[in-house]
A.B. asks: 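Sharing a structure, written as structure tokens. Questions coming.
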Amino acid sequence: MEVIKLEKYNPQEIEGKWQKVWDAPDYYKTTEDDSRPKYYALEMFPYPSGNLHMGHVRNYSIGDVVARYRMMAGFNVLHPMGFDAFGMPAENAAIAHGVKPSDWTFSNIKNMISQQKAMGLAYDWNREVETCREDYYRWTQWLFELFYKRGLAYKKEASVNWCDKCGTVLANEQVVDGKCWRCDSEVHKKNLAQWFFKITEYADELLKDLEKLPGWPERVKIMQENWIGRSEGLEFSLEIPELGESVSVYTTRPDTAFGITFLALAPENPLVEKICAKSDKAEEIKAFCEKVKKQSEIERTSSESVKEGIFTGFYCVNPFNGNKAQIWVTNYVLAEYGTGAVMAVPAHDQRDWMFAKKYGMDIILTLQPKDKTLKLDEMKEAYVEKEGTLVNSGKFDGMEMHAAINAIIDEAEKLGFGKRHVNYRLRDWLISRQRYWGAPIPVIYCDKCGEQLVPENELPVKLPEDVEFKQGALSPLSTSKTFNDCKCPKCGGHARRETDTMDTFICSSWYYMRYTDPHNDKMPFDRDKVNYWSPVDQYIGGIEHAILHLLYSRFFTKVLRDAKLLDYDEPFTNLLTQGMVIKDGAKMSKSLGNVVTPEEIISKYGADTARLFILFAAPVERDLDWSDQGVEGSFRFLNRVWRILEIFEPAIKEGQSKYDVSKLTDEEISLRRKLHKTIKKVTEDLRDRFAFNTAISTLMELVNEMHAFQDKPINPGLARETAENLLKMLAPFVPHISAELWSKFFEGDVHKQSWSKFDEKAIVEDKIEIVVQINGKVRDKIKVDSGITKPELEKLAPTLDKVKELSAGKNIVKVIAVPGKLINVVIK
RNA sequence: GCCGAAGUGGCGGAAUUGGCAGACGCAGCAGACUCAAAAUCUGCCGUUGGCAACAACGUGCCGGUUCGAGUCCGGCCUUCGGCACCA
């Protein structure tokens, strides 16, 4: 027997070789062929920190499989990559090491691109986008102006979130548990004039359209729903006779309005000043307000905090029953939500209850539950259930609580002191940042003409380089000698520029549109092009953007649709939120010393092994436990593939693509059946389920069955058919080894092949095994004709030896037959 | 506190529509090859009892529906995530 000399699988060598081939500018050039359907596959673009970590590797491996599969399946695929390149770390590097933020950023980008190329990712680099380049941020500024012109960008003085460490303000979405999302330091309130985007104008549509997103994970939609926080209720006003003023409150519980015993104001409510102007307790009240305002965001908004307040000495009148209610300033009413004033009903609100108990105020029950009778002197807490019948509520007594809500709102509207009102928890998006490395806000302030947009033909407003990167309340741009002074576009007189830059989340709110037309210098993108490619068919990224980036992007899409720049409602049809990569039970981090870098894995095993392991070890949406031994196993599998195909080589080369299937032995028929079942399964897993782990395990099973022929002859036609399809199916997962093995045996390029189709006839079996159960327990397995019908199975059941044996002396009560699966005989 | 997700061998996980629980991989054990080891190939591998055929038990816990439940329903427990004075 001839000894076959095997060549060894050498990933370092073959990966470099193929990456060179793929680096040709046209290799992955996006096609826009009319005869094919389109598919837009997108991974969240990274911040250019300088190095890829395993989370990136996971993100891009998933996206690459999706994109490569769709390319082979006959789609025009858009699969681009770029960089979310503005942001604080570049500026911090400037402060710490004196490097220019642009130099730091571009050198990081260069490094990351080389790492991405080392992973063998199928991107069309012709479409790369970097948000810090003038040809991009010019359009970010242009879009700011579009928002402005549509009344969706405005500047106002407000109490805003300030992070000392970052030296800038933050949007509500960027404050997590009262701390800065980026640096984790405590955030406090500051009064500043800032730019906002009016996202609240779209609150209702952002909520409602979540229904149009069946391809999004439920939990992301629920998080957005909660964040938007829609509620329905009544807004009404209460007169303050001594002041000649009135105060508005919002409530979702109009059914408890007859139980108001006091009114609670936020210290920021404008009424407080009016009261102080006429009150002899003004000093005390002001001191209380100052004390509350000084508290940190955490102290201020924690439900654990002790409720405190001060009586103003003034009263308001409950318009429903004419009762007088004390007006208090308190620490537990939020200034920014509703009207900044709350009708307090201690009997039916736990916070009001605690407050009333502390300060000895009246409590009036207005609701009695069905199954018991509440007595005030026995109650330990407020009755807050939304169930019961009204009492102490005048003509509404005896009414069921839900009906009463509507009746009381109607009454308020009829009498003209209130109206039905919808409220949102969502606040407008604060977009100013007192930082350097971002897109300058294109606004000019003229003493004579006021706030002016920079004319479109003067965009971009470029970032100056003569700045000082000191941190503080002042934007670094204000230190530039060349930037500040300018001419008013309207009167030509002396004016100065806005020195704040935009939140980088604005840059990332439209980048996926720019990819569809990345070199356009007339518009951010062409309407036809964006409409052709968008929405994104599959978006892939981390759950951490469930609110932030994903909500902002939805908002942008709706605004640009209303501005007729595009014609769809939602940017991302399907969303896949990948889990984290963890090791030893924790997220990889320098401080824990459990970091495994992509570079070390690629240099030891190659990119194919890294990709394979990360896709195989866990379902994509779940956290992935890093395992060095698991990586070994993936490497072993690739070697196994390499070896068995080397063994098959003579047969593969001899085989023809058309061959006589009827000449196959039973064992060969069984291998061919496994092959076609594998094609079916892998196709379904890739197309419908993103179940890469099970797709890979099925391919492993096929390779295991191929090993049955390692030391005996195999039909050459079958060897060829199996090898060809195996390599095509492996190609999206492990592109280098697939390309290499393909080139050894076959013509052309595996990545340009069309996806495998399974042969229904090859899958069919004459005889199948079904389970025989007695009383639901498996007692036997039998071989039957695969086409056997239900009545035939039912007739067969009592004749089976095992059934006869176990039913001896008992009665067969019932026979359940499921063709293709089982027979269950019920005996008694 | 409210909302949501998850809980399956020693480990990662599979079971897609209510139908053989544990595919595939890791670890482990044994055999082949080898002077030997590594690598590779082959086999075994939920728990308990049994030489074995086999039997009983087994998907966080308790109960229910069903011929049949990891899967459906009700009630808990634990872990993780989100929100949290939003009136």
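First the proteins, then the strands, lettered A, B, ... as listed; each starts at 1.
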A.B. asks: Would Phe320(A) and Phe417(A) count as a close aromatic pair, with their ring centres under 6.0 Å?
C.D. replies: yes
A.B. asks: At less than 3.5 Å, do the side-chain atoms of Lys307(A) and the base atoms of C85(B) form a donor-acceptor pair?
C.D. replies: yes
A.B. asks: Mapping Val818(A) and Met700(A) to their closest nucleotides on RNA chain B, which lands nearer the 5' end?
C.D. replies: Val818(A)
A.B. asks: Mind checking Val778(A) for me? I need base, sugar-phosphate or nothing, with any heavy atom below 4.0 Å counting as a touch.
C.D. replies: sugar-phosphate
A.B. asks: How is Ser231(A) classified with respect to the nucleic acid when contacts are heavy atoms under 4.0 Å: base, sugar-phosphate, or nothing?
C.D. replies: sugar-phosphate
A.B. asks: Quick check on G9(B): syn or anti? Syn means the glycosidic torsion is within 90 degrees of zero.
C.D. replies: syn
A.B. asks: With a cut-off of less than 4.0 Å, is there a side-chain N or O of His707(A) near OP1 or OP2 of C41(B)?
C.D. replies: yes
A.B. asks: Counting any heavy atom closer than 4.0 Å, what does Leu334(A) reach on the DNA or RNA strands: base, sugar-phosphate only, or nothing?
C.D. replies: base
A.B. asks: What's the gap between A87(B) and C62(B) when it is taken at their P atoms, as a whole Å value?
C.D. replies: 40 Å
A.B. asks: Just verifying a value: how many Å separate Ile816(A) CD1 and Leu793(A) CG, rounded to the nearest 0.5 Å?
C.D. replies: 12.5 Å
A.B. asks: What's the gap between U17(B) and G68(B) when it is taken at their C1' atoms, as a whole Å value?
C.D. replies: 15 Å
A.B. asks: Using the P atoms only, state how far A21(B) lies from G70(B), rounded to an integer number of Å.
C.D. replies: 8 Å
A.B. asks: Just wondering, do Asp428(A) and Asn172(A) contact through their side chains at under 4.5 Å, heavy atoms?
C.D. replies: no
A.B. asks: Look at the rings of Tyr359(A) and Phe355(A) and say which category their plane angle falls in: under 30° parallel, 30 to 60° tilted, over 60° perpendicular.
C.D. replies: tilted
A.B. asks: Reckon Thr694(A) touches a base, only the sugar-phosphate, or nothing at all at heavy-atom distances under 4.0 Å?
C.D. replies: sugar-phosphate
A.B. asks: Given that Ile543(A) and Gly338(A) both sit by RNA chain B, which one's nearest nucleotide is further toward the 5' end?
C.D. replies: Ile543(A)
A.B. asks: For Watson-Crick and G-U wobble pairs within 3.5 Å on both distances, what is RNA chain B written in dot-bracket notation, | included for inter-strand pairing?
C.D. replies: (((((((..(((......[....))).(((((.......))))).((((....))))..(((((..]....))))))))))))....
A.B. asks: What are the atom names and distances for every N/O pair under 3.5 Å that joins the protein to nucleotides 68-71 of chain B?
C.D. replies:
none

A.B. asks: Counting the atoms with a prime plus P, OP1 and OP2 as sugar-phosphate, which does Asp352(A) contact under 4.0 Å by heavy atoms, base, sugar-phosphate, or nothing?
C.D. replies: nothing
A.B. asks: Regarding Val826(A), tell me which of base, sugar-phosphate or nothing describes its non-hydrogen contacts under 4.0 Å with the strands shown.
C.D. replies: sugar-phosphate
A.B. asks: What's Arg230(A) touching, base or sugar-phosphate or nothing? Going by heavy atoms closer than 4.0 Å.
C.D. replies: nothing
A.B. asks: Ring-plane angle category for His348(A) and Tyr383(A), please: parallel below 30°, perpendicular beyond 60°, tilted otherwise.
C.D. replies: perpendicular
A.B. asks: What does Val825(A) touch in the nucleic acid at a heavy-atom separation under 4.0 angstrom: a base, only the sugar-phosphate, or nothing?
C.D. replies: nothing
A.B. asks: Atom OG1 in Thr678(A), atom CD in Glu705(A): separation rounded to 0.5 Å?
C.D. replies: 7.5 Å
A.B. asks: Can you find a side chain N or O atom of Arg622(A) that sits less than 4.0 Å from OP1 or OP2 on A14(B)?
C.D. replies: yes
A.B. asks: Please classify the nucleic acid contact of Arg689(A) as base, sugar-phosphate, or nothing, using heavy-atom distances under 4.0 Å.
C.D. replies: base
A.B. asks: Between Val272(A) and Ala266(A), which heavy-atom pair has the shortest distance, and what is it?
C.D. replies: CG2-O, 3.6 Å
A.B. asks: Can you tell which of Tyr605(A), Trp626(A), Phe637(A) makes a ring-ring contact (aromatic ring centres under 6.0 Å, His included) with Phe613(A)?
C.D. replies: Trp626(A)
A.B. asks: So, does the side chain of Lys781(A) form a donor-acceptor pair with the base of C20(B) at under 3.5 Å?
C.D. replies: yes
